Amino acid sequence: MKKNKKSTMGKAAQKMLVGGMTEEQEAVLTPIQMVFRSFIGDKIAMAGVCCFLLIFLCCVILPVFLPIDMYYQDVTQANVAPGFGMLKVPGSLAGNAKQLSIGSTFSVGIDEKGNVYEWGNFPTDKLKKLPKDMGKLTQVSAGLDHIVAINENNEVITWGNDRMGLSSIPVEMRMGETPVEIYAGYQFSLALTDKGRLYSWGNSYLVDIKFPEGVQGNIKAFDANNDIVIALTNDGEVVPLTKKKTAYSNIPEGVQGHAVDIALSDESVAVVTDDGRVYAWGNNLKKSCDIPEEIQGHAKVIEGGRFHYVVILDDGSVAAWGDNTFGQAYAPSIGEPVKSVSAGYYGSYAIGESDKAYSWGLDGYLMGTDDFGRDVFRRLLKGGRMTMTVGAIAVIISTIIGVIVGGISGYKGGKVDNIMMRLTEIVSSLPFLPFAIILSAIIGNSISETQRIIMIMVILGLLSWPGIARLVRGSVLAEREQEFVTAAKALGVKEWGIIFRHILPNVITVIIVNATLDFATCMLTESSLSFIGFGVTEPNATWGNMLNSARSATVIEKYWWRWVFPSLVLAISTISINCIGDGLRDAIDPKSKER
């Protein structure tokens with residue numbers, strides 16, 4: 001008997017519990033609380049909330065810490081695959097390094113035994129094919145997509161891309177002269193011999209070298225960028241090897257006759273003088289020429305990257321300055337004296353007295369780069385903000401219009417309802433994509449990019465309201481017959497007050513669900529417009545125009561990251577929003593699960 005009584009009590013207790021709550025507790029909950037508890041109990045909807053919130057917060061917050069210049073382009077970084085390791089020195093070289101050199105997206109180095117190492121993201125597979133029988137190397141230099149080296153027999157060797165005559169080493173240089181310094185640049189190479197003569201080969205149209213009288217045969221050191229070659233003579237003179245007057249010709253006072261080392265960035269020249277001071281001049285004085293005051297009087301050796309400089313000071317420490325987009329101008333604290341440094345493109349290396357290698361700067365890209373060398377991850381964040389903004393504002397416009405039209409139509413009924421519903425049918429019959437394409441083609445070139453974006457948002461909003469208008473109309477038709485509406489009329493409340501203060505709050509949940517689902521639709525529509533070239537255009541980023549730039553078969557086959565990541569994040573966002581909308585609908589109307 002006791003057993004049966006216990007079983008009966010257990011069944012009664014189970015009947016009293018609903019979702020972990022007693023019937024009395026459930027009766028106390030408001031409808032909003034019931035909807036909320038039902039929604040958070042939906043695992044699919046909550047997964048959608050988490051995914052969308054993560055993407056939304058990344059697109060809103062991360063661009064603050066990872067800014068991007070929409071007009072930035074750098075062909076040297078084009079189509080770099082995702083991943084890191086551009087500056088990761090191989091383990092067998094890291095503690096036995098003799099020289100390191102940075103190329104566009106790769107590096108090369110040699111150890112004390114003359115063995116060569118390559119690592120990073122190679123722009124061409126030819127870089128991986130080392131020349132046969134090249135012997136032990138004593139010096140090496142990396143360029144855009146080729147490498148120049150000197151072996152123990154004082155022979156100049158080159159490999160990698162061989163276009164523009166990069167493999168045609170001058171015959172004159174091999175006749176009784178020993179190379180002492182080499183340089184691999186952008187489509188050209190340079191070599192300095194022990195007789196103070198400088199030789200060049202490769203693209204002769206890129207940098208036109210002209211030797212002033214008395215310079216050839218008297219060169220101690222040199223450096224170059226894509227515009228000019230500048231020599232340092234044995235007399236401490238800095239000489240631009242050109243006949244043109246440029247910003248590089250404006251040599252500061254105190255340099256001539258005292259220069260001991262020279263380096264070039266893409267925009268400026270920097271020189272170390274015999275008193276340890278650094279002088280810089282050129283085109284961009286705000287970055288490359290903003291020399292830290294604390295290094296003045298202590299500099300010994302200088303090296304230049306594309307937009308930054310690195311120096312070794314008299315105490316063996318390292319300092320850097322210039323553009324710091326990739327951390328290349330932030331020299332780490334090295335726990336030993338440094339005997340050599342190497343700067344190139346967006347990174348730097350230092351070799352300590354123990355032959356240990358240190359690196360800082362651009363190590364790679366999380367999601368690779370596009371054909372203009374732009375960071376796909378940063379553009380994805382910027383594009384997400386644009387796509388979501390366009391979608392959100394379009395939904396707000398369509399929701400406001402739909403609620404007003406549907407509310408008035410449903411409450412008034414009769415002729416007003418008939419006229420408004422016919423207007424709704426006319427608008428819904430307009431083909432959106434052809435209409436937007438024709439409008440964009442007609443006035444697209446006569447307006448600014450900002451005006452184009454506003455036009456897209458307005459068109460999306462003006463043509464997307466019929467669905468929500470019908471939904472609101474049906475809900476208002478049902479609500480207007482309720483007792484509280486009759487009571488409001490009896491109290492003399494105006495019709496606008498009845499519609500928007502009394503009826504609308506009772507159908508607001510339905511509006512929220514529909515607006516949520518429309519948000520995903522508007523995002524897809526904007527992306528579709530941008531994909532076919534009639535939405536937001538370059539250089540502004542959206543997920544749609546990022547996919548538009550990856551339509552070719554070559555990109556799909558070779559550069560998968562350019563279309564996989566934008567399409568993946570767009571798909572996850574829209575699916576997540578749809579899951580949220582479905583979860584809200586089921587929470588508001590539990591019977592919808594049975595349909």
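Since the structure is predicted, the reported quantities are computational estimates derived from the model, not experimental observations.
- Taking CD1 of Ile68 as the start and CG of Leu381 as the end, the distance is 8.5 Å to the nearest 0.5 Å.
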Could you walk me through whether Glu336 and Ser354 pass the side chain to side chain donor-acceptor pair (under 3.5 Å) check? CA-CA 8 Å; Glu336 62 174 322; Ser354 64; 2.8 Å; yes
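- The salt bridge (Lys or Arg N to Asp or Glu O under 4.0 Å) pairs that include a residue from residues 127-148 are Asp125-Lys128, Asp145-Arg163, where partners are two or more places apart or lie in different chains.
- Take Trp561 and apply the ring-ring contact (aromatic ring centres under 6.0 Å, His included) test, not counting sequence neighbours, and it matches Tyr559.
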Checking Ser268 against Tyr309 for the side chain to side chain contact (heavy atoms under 4.5 Å, CB included) test, could you report, in this order, the C-alpha distance in whole Å, the side-chain angles of both residues, the deciding distance, and whether it holds? CA-CA 10 Å; Ser268 61; Tyr309 290 102; 2.8 Å; yes
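- With a 4.5 Å cut-off on side-chain heavy atoms, Tyr183 and Ser189 do not count as touching.
- Within a 6.0 Å sphere centred on NZ of Lys339, other residues, nucleotides and ligands contribute more than 12 heavy atoms.
- A search for side chain to side chain donor-acceptor pair (under 3.5 Å) contacts involving Ser317 returns Asp315, not counting sequence neighbours.
- None of Val215, Asn218, Leu232 except one satisfies the side-chain contact (heavy atoms from CB on, under 4.5 Å) rule with Val239; the exception is Val215.
- The shortest non-hydrogen separation linking Ala343 to Val310 is CB-CG2, 4.1 Å.
- Taking Phe211 as the reference, nothing meets the ring-ring contact (aromatic ring centres under 6.0 Å, His included) condition, with sequence neighbours excluded.
- Annotation: cation-pi pair Arg551/Phe531 present, NZ/CZ under 6.0 Å from the ring centroid and within 45° of its normal.
- Residues passing the side chain to side chain contact (heavy atoms under 4.5 Å, CB included) test with Arg385, sequence neighbours excluded: Pro63, Lys382, Thr389.
- A distance of 5.5 Å separates CG in Leu206 from CG in Asn226, rounded to the nearest 0.5 Å.
- Ion pair Asp323/Arg306 not flagged as a salt bridge, since none of the NZ, NE, NH1 or NH2 atoms sits closer than 4.0 Å to an Asp/Glu carboxylate oxygen.
- Within 6.0 Å of CZ in Phe84 there are more than 12 heavy atoms belonging to other residues, nucleotides or ligands.
- Side chains of Ile157 and Asn151 form a contact here, defined as non-hydrogen atoms less than 4.5 Å apart.
- A salt bridge does not link Lys244 with Asp208: none of the charged nitrogens is closer than 4.0 Å to a carboxylate oxygen.
- In this structure the side chain of Ser265 never reaches within 4.5 angstrom of the side chain of Phe307, judged on heavy atoms.
- Crowding of Lys126 atom NZ: a count of heavy atoms from other residues, nucleotides or ligands under 6.0 Å exceeding 12.
- Between Lys300 and Asp261 there is no salt bridge, since none of the side-chain N atoms of the basic residue sits less than 4.0 Å from a carboxylate O of the acidic one.
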What do the steps show when you test Trp321 against Ile295 for side chain to side chain contact (heavy atoms under 4.5 Å, CB included), and what is the final call? CA-CA 11 Å; Trp321 71 91; Ile295 74 168; 3.5 Å; yes
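- Within the structure, every pair that satisfies the ring-ring contact (aromatic ring centres under 6.0 Å, His included) test and touches residues 332-367, not counting sequence neighbours, is listed here: Phe326-Tyr346.
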What do the steps show when you test Ser348 against His308 for side chain to side chain donor-acceptor pair (under 3.5 Å), and what is the final call? CA-CA 9 Å; Ser348 301; His308 75 288; 2.9 Å; yes
